[in-house]
Amino acid sequence: MTEDPTTTLTRLRSSIDNIDAALVYLLAERFKATKQVGHLKAEHGMPPSDPAREEQQVARLRNLAEQADLDPAFAEKWFNFVVAEVIRHHEVLRDGNGAAGL
């Protein structure tokens, strides 16, 4: 017997909600780590961004995306969005404008 479409939709949405929650918590953990990196960089006069590292990460994430059957271009856009926010927070720390939220 086939599952009722409404039941299936509810089950799938519940799964999506759980995944979204996990992603939020993972992003929070990532930003906790990048905040520590920002403090270290500010303390030692290191630049907020590291283009060579970012380039390596883009290549790595594009490869991971391909393996996971995810659009590599989407993975790169996501990474660039996150990195832009990280750099912004590192600049705030560098400039001594208080604690960056992330």
Side-chain angles (χ1 to χ4, degrees):
M1 183 171 170
T2 307
E3 187 175 45
D4 171 64
T6 303
T7 302
T8 302
L9 183 60
T10 300
R11 181 178 49 76
L12 291 171
R13 285 181 173 166
S14 178
S15 179
I16 290 167
D17 291 349
N18 289 337
I19 293 166
D20 287 346
L23 288 171
V24 166
Y25 279 95
L26 285 170
L27 278 172
E29 287 301 311
R30 187 188 196 287
F31 277 106
K32 286 175 189 174
T34 61
K35 184 176 182 181
Q36 292 176 16
V37 168
H39 283 290
L40 184 68
K41 285 181 172 185
E43 185 178 321
H44 296 282
M46 300 165 81
S49 69
D50 184 344
R53 161 98 171 133
E54 293 159 26
E55 187 177 316
Q56 290 171 348
Q57 285 298 93
V58 165
R60 185 176 82 76
L61 291 175
R62 287 183 68 91
N63 184 46
L64 287 170
E66 287 177 10
Q67 292 174 28
D69 199 25
L70 178 69
D71 180 1
F74 173 78
E76 184 173 350
K77 287 178 196 174
W78 169 83
F79 178 75
N80 289 334
F81 176 77
V82 170
V83 167
E85 186 67 6
V86 168
I87 291 169
R88 186 180 73 77
H89 287 273
H90 288 185
E91 289 169 344
V92 168
L93 290 169
R94 175 200 62 199
D95 298 341
N97 294 329
L102 301 173

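Every heavy atom of this structure was used, including side-chain atoms; hydrogens, water molecules and symmetry mates were not.
Following chains of ILVMFWY side-chain contacts shorter than 4.5 Å, one cannot reach Val37 starting from Ile87, and the two form parts of different hydrophobic clusters. Leu64 is connected to Leu27 through a chain of hydrophobic side-chain contacts under 4.5 Å among Ile, Leu, Val, Met, Phe, Trp and Tyr, so both are in one cluster. The hydrophobic cluster containing Leu70 does not contain Phe79, counting ILVMFWY residues as joined when their side-chain heavy atoms lie under 4.5 angstrom apart, directly or transitively. Note on Trp78 and Val83: same hydrophobic cluster, where clusters join Ile, Leu, Val, Met, Phe, Trp and Tyr whose side-chain heavy atoms are under 4.5 Å apart, directly or indirectly.
At a threshold of 4.5 Å between non-hydrogen side-chain atoms, the residues His89 and Thr34 do not count as touching. Between Val24 and Asp20 the shortest side-chain heavy-atom distance does not fall below 4.5 Å. Residues Leu93 and Lys41 fail the side-chain proximity criterion, which asks for heavy atoms closer than 4.5 Å.
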Apply the test side-chain contact (heavy atoms from CB on, under 4.5 Å) to residues Asn63 and Gln67: give CA-CA distance (whole Å), side-chain angles for both, the deciding distance (0.1 Å), then the verdict.
CA-CA 6 Å; Asn63 184 46; Gln67 292 174 28; 3.0 Å; yes
Going through the distances and angles, do Val58 and Asn80 end up as a side-chain contact (heavy atoms from CB on, under 4.5 Å)?
CA-CA 8 Å; Val58 165; Asn80 289 334; 4.1 Å; yes
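The backbone N or O of Thr10 sits nowhere less than 3.5 Å from a side-chain atom of Ser14 that would complete a donor-acceptor pair.
Taking NE2 of His90 as the start and CG of Asp50 as the end, the distance is 11.0 Å to the nearest 0.5 Å. If you take NZ on Lys35 and CG on Leu40, they are separated by 14.5 Å, rounding to the nearest 0.5 Å. Once rounded to the nearest 0.5 Å, the distance linking CG of Leu9 with CD1 of Ile16 reads 8.5 Å.
The pair Glu85-Arg88 counts as a salt bridge, with a side-chain nitrogen and a carboxylate oxygen less than 4.0 angstrom apart.
Residues Arg60 and Gln57 have side chains that bring a donor and an acceptor to within less than 3.5 angstrom of each other.
Shown here is Glu55, whose CD atom has no more than 12 heavy atoms of other residues, nucleotides or ligands within 6.0 Å.
Of all the heavy atoms in Pro72 and Glu66, the pair that sits closest is CG-CG, 3.3 Å.
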